[in-house]
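As the structure is a computational prediction, the values presented were derived from the model and not from experiment.
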Amino acid sequence: MPSATGAAPDKLPFVVWVLAAGTFLMGTTEFVIAGLLPEMAADLNVSVSHAGLLITAFAVGMIIGGPTMAMATLRLPQRHTLIGALAVFALGHAIAALSTSFTVVLTARVVTALATGAFWAVGFVIATTTAGPARSTRAVGVMMGGLTLANVIGVPIGSFVGHYTGWRGPFWALAVLAALAAAFVGRFIPCTEQRAEVSVRAEVRALRQGRLWLALGAAVLIMGGVLATYTYITPLLTDRAGIPAGAVPLVLIAFGIGALGGTAIGGRLGDHRPMVTTITASAATSLILLALIPASNSPMAAVILVFGMALAGFTVNPVVTSLAVRFAGDAPTLTSALTTSGYNTGIAAGSLAAGHALDSSLGLTGPALVGAVFAALTLLPLIALALRGTTGPSRIVAHHTTDTYEPQTATTSAH
């Protein structure tokens with residue numbers, strides 16, 4: 001029998017897959033820049049290092065803008081927020097593609113990041129709400145799967161196209177695809193009307209939950225561990241493992257496939273055994289990264305461990321995201337945005353620490369050691385969370401609405 005959301009009991013609602021398509025586009029735009037930096041730098045008359053600010057600007061926009069935009073759009077109907085975010089996303093890419101000014105392109109990246117933060121914050125809440133408590137982690141896993149799939153498909157294709165059409169080609173493609181995604185959101189996500197109970201005060205009050213900050217801390221640390229190593233994986237593969245530079249993209253695709261698999265595993269197991277899943281995966285990530293230090297002399301071992309790093313590390317993400325939204329109770333929008341900011345904070349902190357390690361006496365293996373430490377530290381908030389327990393009623397709702405999305409009570413067991 002279909003559920004109230006229009007999906008069979010063992011299937012996710014179609015809207016979750018629509019939202020995943022949106023995260024695919026936004027994941028592609030966040031990471032595709034790295035493969036287009038030389039072309040963009042030459043075209044915009046700046047150095048490659050200066051063009052790298054386009055990546056930094058997006059991360060900062062996500063860290064700061066996600067929570068800000070989540071609160072600014074709190075009383076708007078969710079469908080309107082998502083459509084507006086996709087429209088701004090499309091417009092930002094179109095303006096960047098038309099401009100010859102680095103300042104304009106940089107500004108467009110910041111605005112695009114703000115729209116991305118708003119989409120993710122509201123999208124995660126809708127995904128968990130429509131899926132229901134029994135499938136909330138799986139729904140988050142599917143949405144985050146759109147991000148990891150961007151690394152497997154979107155980023156390589158975008159980089160490949162950019163080398164032939166110039167960097168503006170991928171930007172135009174993302175603008176058009178975002179406009180199409182807005183049309184799909186308008187078609188498949190019902191328009192809901194907010195009640196007076198939705199308030200900034202309620203959202204901020206949810207931040208008093210100690211368990212919430214433990215989940216957010218785990219999100220920061222695990223992403224910092226994996227991305228600390230991934231950011232500088234190319235010199236490790238070429239200069240230490242002896243893999244030809246032309247084969248490195250294939251290894252990165254293997255990383256993306258591992259990330260996609262880990263997200264799926266976390267989504268499947270996290271609803272039933274959240275603490276066992278996250279603690280095991282974090283410990284495995286740390287051990288894999290430690291093993292990468294001596295084993296990176298072997299090309300085959302290096303490829304296998306890079307795949308394993310992504311598989312284990314990304315298993316944690318959908319679980320801690322879903323737990324954070326649950327712990328937020330009746331006000332999950334700000335929490336959802338903070339989770340996204342947490343991942344970007346982890347990326348920034350891990351990459352920064354790994355860069356210093358790379359320049360130290362540790363050399364090429366420094367980033368892997370930093371990653372192993374970050375992943376090991378992830379165990380601290382997870383174990384604390386396991387000791388406190390995740391048992392207890394928590395309401396998984398986006399907002400109080402008068403239409404499709406009704407509050408549901410969930411009880412999650414600690415394992």
Side-chain angles (χ1 to χ4, degrees), residues 15-36 54-70 73 78 81-97 105 108-127 139-159 170-185 189 223 227 256 259-260 263 314 317-318 321 333 336-347:
V15 295
V16 175
W17 300 97
V18 174
L19 294 170
T23 61
F24 171 82
L25 294 178
M26 293 173 180
T28 299
T29 199
E30 182 168 10
F31 299 115
V32 75
I33 292 293
L36 302 174
L54 296 172
I55 298 175
T56 305
F58 195 94
V60 172
M62 286 287 289
I63 292 169
I64 299 174
T68 302
M69 293 304 297
T73 60
Q78 293 166 330
T81 300
L82 294 180
I83 293 174
L86 287 166
V88 172
F89 183 92
L91 183 62
H93 282 80
I95 290 174
V105 176
R109 287 288 289 174
V110 174
V111 173
T112 300
L114 295 178
T116 300
F119 183 93
W120 279 44
V122 176
F124 274 131
V125 174
I126 293 177
V140 170
V142 168
M143 271 200 70
M144 298 189 75
L147 175 61
T148 51
L149 192 63
N151 284 304
V152 180
I153 299 176
V155 172
I157 291 179
S159 298
F171 271 62
W172 280 117
L174 285 166
V176 172
L177 291 173
L180 291 175
F184 270 85
V185 166
I189 295 182
M223 187 58 71
L227 268 296
L260 187 62
T263 302
F314 276 78
N317 295 350
T321 300
T333 305
S336 178
L338 286 174
T339 304
T340 303
S341 295
Y343 287 129
N344 281 275
T345 301
I347 291 172

**OP:** Would you please test Val185 and Val18 for side-chain contact (heavy atoms from CB on, under 4.5 Å) and show each step?
**Re:** CA-CA 7 Å; Val185 166; Val18 174; 4.0 Å; yes

Subject >> Pairwise side-chain contact, Phe24 with Thr28, heavy-atom cut-off 4.5 Å (strictly under) >> reply: yes

Original post:
Side-chain contact, heavy-atom cut-off 4.5 Å: Asn317 with Thr263?
Top reply: no

Subject >> Nearest atoms (heavy-atom pairs only) where Ala175 meets His93 >> reply: CB-CB, 4.0 Å

Subject >> Shortest non-hydrogen contact from Ala179 toward Ala90 >> reply: N-CB, 4.3 Å

Original post:
Please walk me through it: do Val111 and Ile95 pass side-chain contact (heavy atoms from CB on, under 4.5 Å)?
Top reply: CA-CA 11 Å; Val111 173; Ile95 290 174; over 6 Å; no

Subject >> Audit row: Thr112, Met26, side-chain contact (heavy atoms from CB on, under 4.5 Å) steps and yes/no >> reply: CA-CA 9 Å; Thr112 300; Met26 293 173 180; over 6 Å; no

Original post:
Got a second to check how far Tyr343's OH is from Leu227's CG, nearest 0.5 Å?
Top reply: 11.5 Å

Subject >> Flag, side chain of Thr23 to backbone of Ala20, donor-acceptor distance under 3.5 Å >> reply: yes

**OP:** Flag the pair Thr345 / Met223 as yes when at least one side-chain heavy-atom distance between them is below 4.5 Å, and no otherwise.
**Re:** no

**OP:** To the nearest 0.5 Å, tell me how far Leu19 CG sits from Phe119 CZ.
**Re:** 5.0 Å

Original post:
CZ of Phe184 to CG of Leu180: how many Å apart, nearest 0.5 Å?
Top reply: 7.5 Å

Original post:
What residue among Val110, Thr29, Ile63 forms side-chain contact (heavy atoms from CB on, under 4.5 Å) with Phe58?
Top reply: Thr29

Original post:
For Trp172, does the CH2 atom sit with more than 12 other heavy atoms under 6.0 Å from it, leaving out its own atoms?
Top reply: yes

Original post:
Considering all heavy atoms of both residues, which atom of Phe89 and which atom of Leu25 are nearest to each other, and what is their separation?
Top reply: CZ-O, 3.9 Å

Subject >> Inter-residue atom distance Leu86.CG - Leu177.CG, 0.5 Å rounding >> reply: 11.0 Å

